[in-house]
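Counting from 1, the numbers follow the sequence of the chain as shown.
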Amino acid sequence: MDKGTIRGVEAHCRRGSCKRRSFLLPNFACRQGFKHRFQPNRKAPISSTDKRISSTASIQFSPPRRLRIEEIPDIVNDFRVAARNAIEAGFDGVELHGAHGYLIEQFLKDQCNDRMDQYGGCLENRCQFALEVVEAVSGEIGADRVGIRLSPFANYMECGDSNPKALGLYMVEALIKRGILYCHMVEPRMKTVGEKVECPDSLVSMRKAFKGTFIAVGGYDREDGNKAIAENRADLVAFGRHFLANPDLPKRFFLNAPLNKYNRETLYTPDPVLGYTDYPFLEETA
């Protein structure tokens, strides 16, 4: 978040939208597949690796640039500065995006991270970058304002891991020592974008190991979410696509009212701007 964005968010908060509720800003760096044209000065996207993501018939991914060891402290500092800017803009805290193929996960996962230095190889080394970011951001704004999102079982953008359970457990045990506010973890059944699959894995061992607030996300509906809370598999359940399509989702869940169906084709489109703020409220559908 830069200073120009801060001014816009400050105005938004002054109008009252941020009052009386917790409002956390996602804090993330790019995926290795981001195209040069989206990068500052059209430079190559940075990564833990220089391996290129396999292109498809419709998408040609840009080759990433492997970060040099001496560059990593500056990237960690970028997360710290972004967190400070978010607090100054009026946010209550930040959520570090360590999931879904973004930069932190590119260091965590052994399918992507092929480094041979202190940031690659063994599990402890691969988690080092993530934990340095957590410590820097916590030191800047306070650990009680910091959460992190992780997806150890997922394989987004060719960013999978050979032992996701060990990865998840190592991270939650390291995070609880650092006293962050919460851990937000993606269910194993959501291995790729939009694909919910049956699998024997679960987040239960990670939930038990993490003594703070544990948030589960991934493929939930009202019934499934209530069941997860009742069975103590999570403290909170997060919703993404359903919340986007239903701006009054808590009210609909409370009334057990029908939900708007989300349109996946508009979930990530910058132009035309559709599918973000134009889904109807319950009263408008009556």
Side-chain angles (χ1 to χ4, degrees), residues 1-2 5 24-54 59 61-86 94-121 123-141 146-161 164 167-168 170-171 174-175 178 180 183-186 192-193 268:
M1 175 181 278
D2 57 23
T5 307
L24 275 74
L25 177 72
N27 188 343
F28 61 91
C30 68
R31 287 175 172 157
Q32 69 196 83
F34 274 17
K35 296 182 179 180
H36 286 77
R37 61 190 175 93
F38 296 137
Q39 304 302 310
N41 301 318
R42 301 178 69 86
K43 294 181 179 179
I46 59 173
S47 177
S48 64
T49 183
D50 55 10
K51 292 187 296 186
R52 186 174 189 163
I53 297 176
S54 303
I59 303 175
F61 293 110
S62 299
R65 180 178 68 81
R66 185 193 305 270
L67 279 169
R68 301 187 303 274
I69 290 180
E70 62 269 21
E71 293 179 295
I72 290 177
D74 289 335
I75 303 302
V76 173
N77 189 61
D78 287 342
F79 279 93
R80 180 192 65 79
V81 172
R84 168 50 53 194
N85 289 345
V94 299
E95 177 179 281
L96 298 170
H97 202 335
H100 299 155
Y102 284 91
L103 183 61
I104 290 176
E105 187 170 77
Q106 292 166 36
F107 277 85
L108 293 174
K109 302 285 190 72
D110 59 12
Q111 181 184 355
C112 177
N113 186 341
D114 58 355
R115 303 176 73 95
M116 301 299 290
D117 56 25
Q118 61 261 45
Y119 291 97
L123 178 60
E124 293 81 1
N125 285 2
R126 286 184 279 114
C127 293
Q128 182 62 30
F129 175 72
L131 297 175
E132 286 181 6
V133 171
V134 169
E135 290 170 357
V137 171
S138 297
E140 182 66 29
I141 66 173
V146 179
I148 190 169
R149 182 179 174 110
L150 299 170
S151 58
F153 293 91
N155 188 354
Y156 286 65
M157 308 291 282
E158 299 177 10
C159 200
D161 194 79
L167 172 60
Y170 181 87
M171 279 299 296
L175 292 169
R178 288 158 175 81
I180 66 170
C183 179
H184 181 184
M185 195 167 285
V186 180
T192 59
V193 177
Y268 305 103

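- Two residues are said to be in side-chain contact when any heavy atoms from C-beta on lie closer than 4.5 Å; R65 and E71 meet this criterion.
- Minimum heavy-atom separation, N113 to G120: OD1-CA, 3.7 Å.
- Annotation: side chain of L131 is in contact with side chain of L175 (closest heavy-atom distance under 4.5 Å).
- For the pair S138/I180, a side-chain contact is recorded, criterion being any heavy-atom separation below 4.5 Å from C-beta on.
- The distance from atom CD1 of I72 to atom CD1 of I69, rounded to the nearest 0.5 Å, is 6.5 Å.
- When every heavy atom of S47 is checked against every heavy atom of P64, the shortest pair comes out as CB-CB, 3.7 Å.
- The side-chain heavy atoms of H100 and V186, taken from C-beta on, include a pair separated by under 4.5 Å.
- The CD1 atom of I104 sits 8.5 Å away from atom CG of L150, with the distance rounded to the nearest 0.5 Å.
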I would like to know whether Q128 and E132 meet side-chain hydrogen bond (donor to acceptor under 3.5 Å, both in side chains); could you show each step before the answer?
CA-CA 6 Å; Q128 182 62 30; E132 286 181 6; 3.0 Å; yes
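- The two residues D161 and P152 have their closest heavy-atom pair at CB-O, 4.4 Å.
- Scanning all heavy atoms of the two residues, the minimum distance from C112 to T49 falls at O-CB, 3.4 Å.
- Here CG of D74 is found 11.0 Å from CZ of R80. Values are rounded to the nearest 0.5 Å.
- No donor-acceptor distance shorter than 3.5 angstrom exists from the side chain of K109 to the backbone of L167, with no hydrogens or angles considered.
- Formation of a donor-acceptor pair under 3.5 Å by the R84 side chain with backbone atoms of E140 is found in this model.
- At distances below 3.5 Å, at least one donor-acceptor pair connects side-chain atoms of E158 with backbone N or O atoms of S54.
- With rounding to the nearest 0.5 angstrom, the CD1 atom of I148 is 11.5 Å from the NE2 atom of H184.
- The side-chain heavy atoms of Q106 and L103, taken from C-beta on, include a pair separated by under 4.5 Å.
- Atom SG of C183 and atom CZ of R149 lie 11.0 Å apart (nearest 0.5 Å).
- You'll find the side chain of L67 reaches within 4.5 Å of the side chain of F107, heavy atoms only.
- In this structure, S48 and L108 have side chains that are not in contact, with every pair of non-hydrogen atoms separated by 4.5 Å or more.
- Here CG of L123 is found 9.0 Å from CG of D110. Values are rounded to the nearest 0.5 Å.
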Going through the distances and angles, do R178 and V146 end up as a side-chain contact (heavy atoms from CB on, under 4.5 Å)?
CA-CA 10 Å; R178 288 158 175 81; V146 179; over 6 Å; no
